[in-house]
Amino acid sequence: MQHRLGSSRLVRLLQEWAQVDGESARHDVAERLGHWLSAFDAVKLDGALQTIASYPSQTKLRGQAVDARAVALQVNQVKADLTALITAKVTPARPVLPAAPRTLLHTLEEDDARNESKYAPHYQRYLGLQKQMETTVGALRAQVRQMLSKGSPALRQLVALDAVMEQMLGPREQKLWASVPVYLERRLEHWRQHHQQAITGQGGDDDPIRWRQSGGWIAAFEHDMRDMMLAELQQRLQPVVGLMEAAQNATDAPSPQAAPPAQPEHSENSESQ
């Protein structure tokens with residue numbers, strides 16, 4: 001588990017940000033995430049694994065064929081929908097002003113930029129997307145397990161194991177996801193300080209409207225925020241992708257074939273002929 005978490009896109013991203021800020025995050029992130037199971041949890045998991053291991057001996061049913069293509073279509077559709085939500089361009093709500101003077105529009109754009117320079121609106125959007133991912137991916141995971149539950153004994157074992165792991169690790173995962181936005185707030189402050197240092201060094205005017213434009217510090221932060229949300233989505237989808245790949249492997253596996261019929265022995269007469 002520690003190796004898998006340490007190599008995930010989300011952890012690598014957080015480590016990269018921490019290194020830019022002069023922190024050492026590898027131990028803080030990967031090491032702590034690898035210590036989720038207590039001794040009591042390990043005993044419970046061992047008992048569950050022993051029960052799951054006995055599944056093939058409890059039934060002689062080979063199971064039905066799983067439609068791996070349908071599973072993949074469902075997983076990829078959910079991934080595409082959530083990715084579209086994350087990458088959608090967010091525009092500040094503004095009253096319709098059909099004939100607003102340019103000075104008023106300029107003022108409104110400055111107000112929008114100053115509002116987006118605060119952490120609160122970004123935090124609220126991140127929480128909303130996290131809730132959407134939690135609900136959607138959770139429902140998808142249960143649906144995929146249902147699709148695999150009538151498959152081969154090996155697939156039924158995997159379904160049971162996934163259900164146990166979700167129940168056991170679910171509360172810890174929620175605590176982890178709740179702590180992720182803390183890194184996002186640090187990233188906002190990183191870009192703010194970087195911008196302020198650049199303005200001080202150059203001695204130019206600080207135009208809030210340019211903050212949101214390409215190359216501006218808010219635009220850079222929003223790019224990082226999208227990267228973080230996409231990395232979190234990838235992490236949340238890992239168990240479902242594992243189930244999907246298991247269904248594909250089960251479909252691609254060659255079915256057992258009967259032994260070839262024995263060749264008739266040649267008699268001495270046939271050999272002489």
Side-chain angles (χ1 to χ4, degrees), residues 1-2 4-11 13-14 29 32-38 41-42 44-45 48-49 51-52 55 66-88 90 122-151 154-184 225-250:
M1 175 180 289
Q2 181 176 341
R4 185 174 69 252
L5 290 169
S7 61
S8 75
R9 178 180 175 184
L10 177 62
V11 174
L13 183 63
L14 297 181
V29 177
R32 286 168 54 189
L33 296 187
H35 296 162
W36 279 9
L37 293 180
S38 65
D41 292 329
K44 289 175 58 178
L45 179 58
L49 290 176
T51 301
I52 293 170
Y55 280 12
V66 174
D67 190 345
R69 183 173 179 273
V71 174
L73 286 174
Q74 189 68 19
V75 173
N76 291 329
Q77 184 61 56
V78 168
K79 181 180 180 180
D81 291 343
L82 290 174
T83 299
L85 283 177
I86 291 171
T87 56
V90 179
H122 302 288
Y123 179 64
Q124 291 302 320
R125 180 166 186 262
Y126 202 102
L127 289 183
L129 287 168
Q130 273 194 323
K131 185 64 178 177
Q132 186 73 28
M133 285 191 285
E134 176 186 349
T135 302
T136 306
V137 174
L140 174 66
R141 190 172 180 178
Q143 182 179 3
V144 171
R145 282 204 301 258
Q146 179 63 29
M147 297 173 76
L148 271 60
S149 62
K150 296 181 180 180
L155 286 180
R156 292 198 293 273
Q157 282 181 306
L158 181 61
V159 165
L161 176 61
D162 183 70
V164 169
M165 297 301 291
E166 183 180 23
Q167 181 182 11
M168 184 170 295
L169 300 180
R172 292 168 175 79
E173 288 180 353
Q174 294 310 311
K175 292 180 180 179
L176 169 66
W177 298 132
S179 68
V180 168
V182 174
Y183 293 90
L184 191 66
M225 180 172 169
R226 285 193 297 272
D227 279 352
M228 176 180 269
M229 287 188 290
L230 290 172
E232 179 172 333
L233 173 61
Q234 183 187 63
Q235 190 75 28
R236 286 178 180 269
L237 283 172
Q238 277 191 355
V240 186
V241 171
L243 293 172
M244 178 188 72
E245 291 176 348
Q248 292 172 336
N249 292 337

Asker: Are the side chains of Y126 and M228 in touch, meaning some heavy atoms are under 4.5 Å apart?
Answerer: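 Yes; the side chains approach each other to less than 4.5 Å.
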Asker: Decide side-chain hydrogen bond (donor to acceptor under 3.5 Å, both in side chains) for N249 and E245; before the verdict, give the C-alpha distance in whole Å, the side-chain angles of both, and the deciding distance to 0.1 Å.
Answerer: CA-CA 6 Å; N249 292 337; E245 291 176 348; 6.0 Å; no
Asker: Within the structure provided, determine whether T135 and K131 are in side-chain contact (heavy-atom separation under 4.5 Å).
Answerer: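 With C-beta onward as the side chain, the pair touches.
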Asker: Contact between R141 and P239 at the side-chain level, heavy atoms closer than 4.5 Å - yes or no?
Answerer: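 Side chain of R141 against side chain of P239, heavy atoms only: contact under 4.5 Å found.
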Asker: So, for V180 and E232, which heavy atoms are closest and what is the spacing to 0.1 Å?
Answerer: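 Taking V180 first and E232 second, the nearest heavy atoms are CG1-OE1, 4.0 Å.
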Asker: So with a 6.0 Å cut-off around CD of Q167, is the heavy-atom count from everything else above 12?
Answerer: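 Result for CD/Q167: open.
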Asker: Checking the side chain of R226 only, and the main-chain atoms of I86 only, is there a donor and an acceptor separated by less than 3.5 Å?
Answerer: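 No; zero donor-acceptor contacts below 3.5 Å.
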Asker: Identify the two heavy atoms, one from A250 and one from L155, that lie closest to each other, and give their separation to 0.1 Å.
Answerer: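 It is CB-CD1, 4.0 Å.
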Asker: Can you give me the closest heavy-atom contact between H122 and M225, atom names plus distance?
Answerer: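 Of all heavy-atom pairs spanning H122 and M225, the closest is O-CE, 3.3 Å.
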Asker: What's the verdict on side-chain contact (heavy atoms from CB on, under 4.5 Å) for Q143 and Q146, showing C-alpha distance, side-chain angles and the deciding distance?
Answerer: CA-CA 5 Å; Q143 182 179 3; Q146 179 63 29; 5.6 Å; no
Asker: Mind checking whether M229 and L85 have side chains closer than 4.5 Å, heavy atoms only?
Answerer: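 No, side chains not in contact.
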Asker: Where is the tightest heavy-atom contact between V66 and A247, given as atom of each residue plus distance?
Answerer: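 The answer is CG1-CB, 4.1 Å.
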Asker: Please tell me if the side chains of Q174 and E134 come closer than 4.5 Å, counting only heavy atoms from C-beta onward.
Answerer: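 Yes, at least one pair of side-chain atoms sits under 4.5 Å.
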Asker: CZ/R156 to CG/L158 distance, rounded to the nearest 0.5 angstrom?
Answerer: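 Reported to 0.5 Å precision, the distance equals 12.0 Å.
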Asker: Should L243 and V71 be marked as a side-chain contact (heavy atoms from CB on, under 4.5 Å) after you check the CA-CA gap, both sets of side-chain angles, and the distance that decides it?
Answerer: CA-CA 9 Å; L243 293 172; V71 174; over 6 Å; no
Asker: Tell me the closest heavy-atom pair linking A88 and R125, and the distance in Å.
Answerer: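 For A88 and R125, the tightest heavy-atom pair comes out as O-NH2, 3.6 Å.
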Asker: Report yes if some heavy atom in the side chain of Q157 is under 4.5 Å from a heavy atom in the side chain of L161; otherwise report no.
Answerer: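 Answer no - side chains too far apart.
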Asker: What I'd like to find out is whether the side chain of D67 reaches to under 4.5 Å of the side chain of M147, using heavy atoms alone.
Answerer: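 Not touching, per the 4.5 Å side-chain cut-off.
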Asker: Heavy atoms, side chains only, cut-off 4.5 Å: are L233 and L129 in contact?
Answerer: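 When only atoms from C-beta onward are counted, L129 and L233 do not touch, as no gap falls below 4.5 Å.
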Asker: Rounded to the nearest 0.5 Å, how far apart are CG of L140 and CG of D81?
Answerer: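 Nearest 0.5 Å value for the CG-CG distance: 10.5 Å.
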Asker: Where is the tightest heavy-atom contact between R236 and V137, given as atom of each residue plus distance?
Answerer: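 Distance-wise, the nearest heavy atoms are O-CG1, 3.5 Å.
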Asker: Once you round to the nearest 0.5 Å, how far does CG of L82 lie from CG of L237?
Answerer: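 Separation between the atoms: 7.0 Å.
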